[in-house]
Amino acid sequence: GDSVTQTEGPVTVSESESLIINCTYSATSIAYPNLFWYVRYPGEGLQLLLKVITAGQKGSSRGFEATYNKETTSFHLQKASVQESDSAVYYCALGPSTNAYKVIFGKGTHLHVLP
Amino acid sequence: NAGVIQTPRHKVTGKGQEATLWCEPISGHSAVFWYRQTIVQGLEFLTYFRNQAPIDDSGMPKERFSAQMPNQSHSTLKIQSTQPQDSAVYLCASSSRDRDGEQYFGPGTRLTVL
């Protein structure tokens with residue numbers, strides 16, 4: 001079936017360190033999935049961080065980047081230098097590219113950034 | 001655009017009582033989703049509607065949970081005979097077919113069953 005597996009948390013890093021949250025997917029029923037990272041900051045609702053709909057392309061937002069790698073079925077989230085304000089829960093997700101409705105979410109990775 | 005609206009934001013019920021959660025999707029969005037979020041399980045899909053029709057309820061506990069969408073402006077999630085394990089944040093999201101699967105989430109309803 002379709003599924004998403006991401007780094008189990010919590011992940012703790014110090015401010016200004018680099019970060020990578022791993023995400024791999026299985027899309028057996030979706031030929032050309034769209035890939036997403038969502039984020040939930042403390043006290044806020046879940047919101048889209050970035051999305052990529054074409055294999056081989058990179059998405060970026062708020063200093064975060066993720067590259068859609070169809071060969072390794074991965075969509076890792078990276079940031080060169082994290083800030084304390086990046087502390088949040090991050091969800092990797094995949095969805096169909098046509099008739100785009102149901103989205104499959106990973107379990108989420110809780111990130112703590114130490115000042 | 002007010003975004004997805006969920007009411008109430010917090011609900012406390014006693015074990016065995018009924019809880020009804022409301023969601024108003026973004027105007028013009030044709031798909032509405034319900035999720036349950038807990039620390040242990042993360043974000044769990046419950047059910048979704050497209051153009052008010054139920055499409056997939058594979059995540060719904062069959063016996064006590066039900067969802068409806070009587071019109072395009074609101075959906076309800078009803079939990080009968082609530083149990084302590086139903087305590088969670090229930091999220092509603094909406095989407096339109098031209099948004100590449102991007103979903104817009106409401107703030108959630110935190111349900112606490114005592």
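The structure displayed is predicted, hence computed values, not measured ones. Chain identifiers are assigned alphabetically (A, B, ...) following the order of the sequence lines, protein sequences preceding nucleic acid strands; residue numbering begins at 1 within each chain.
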Check whether A:Val11 and A:Phe64 end up in the same hydrophobic cluster, where Ile, Leu, Val, Met, Phe, Trp and Tyr are linked by side-chain heavy atoms less than 4.5 Å apart.
-> yes
Verify same cluster id: A:Leu48, A:Tyr91 (apolar side-chain graph, 4.5 Å) | yes
Determine whether A:Val52 and A:Ile20 fall in the same hydrophobic cluster, where Ile, Leu, Val, Met, Phe, Trp and Tyr are linked whenever their side-chain heavy atoms lie under 4.5 Å apart.
-> no
Gap between atom CD of B:Gln103 and atom CG of A:Leu46 - 0.5 Å precision = 9.0 Å
Show the numbers, then the answer: is there a side-chain hydrogen bond (donor to acceptor under 3.5 Å, both in side chains) between B:Glu102 and A:Tyr38?
-> CA-CA 10 Å; B:Glu102 179 180 342; A:Tyr38 282 81; over 6 Å; no
Could you tell me which residues in residues 52-83 of chain B have at least one non-hydrogen atom under 4.5 Å from a non-hydrogen atom of chain A, sorted by residue number?
-> B:Asp56, B:Ser58
Chain B neighbours within residues 104-115 of chain A, where any heavy atom lies under 4.5 Å away | A:Phe105, A:Lys107
Hydrophobic cluster identity match, B:Ile5 and B:Leu91, side-chain contacts under 4.5 Å = no
Is there a chain of hydrophobic side chains (I, L, V, M, F, W, Y, each step under 4.5 Å between heavy atoms) that links A:Leu49 to A:Val13?
-> yes
Would the number of heavy atoms belonging to other residues, nucleotides or ligands and lying under 6.0 Å from CG of B:Leu114 be above 12?
-> yes
Which bit of B:Glu44 is near chain A, if near means a heavy-atom gap under 4.5 Å: side chain, backbone, both or neither?
-> neither
Less than 4.5 Å apart, any side-chain heavy atom of B:Phe105 and any of A:Glu44?
-> no
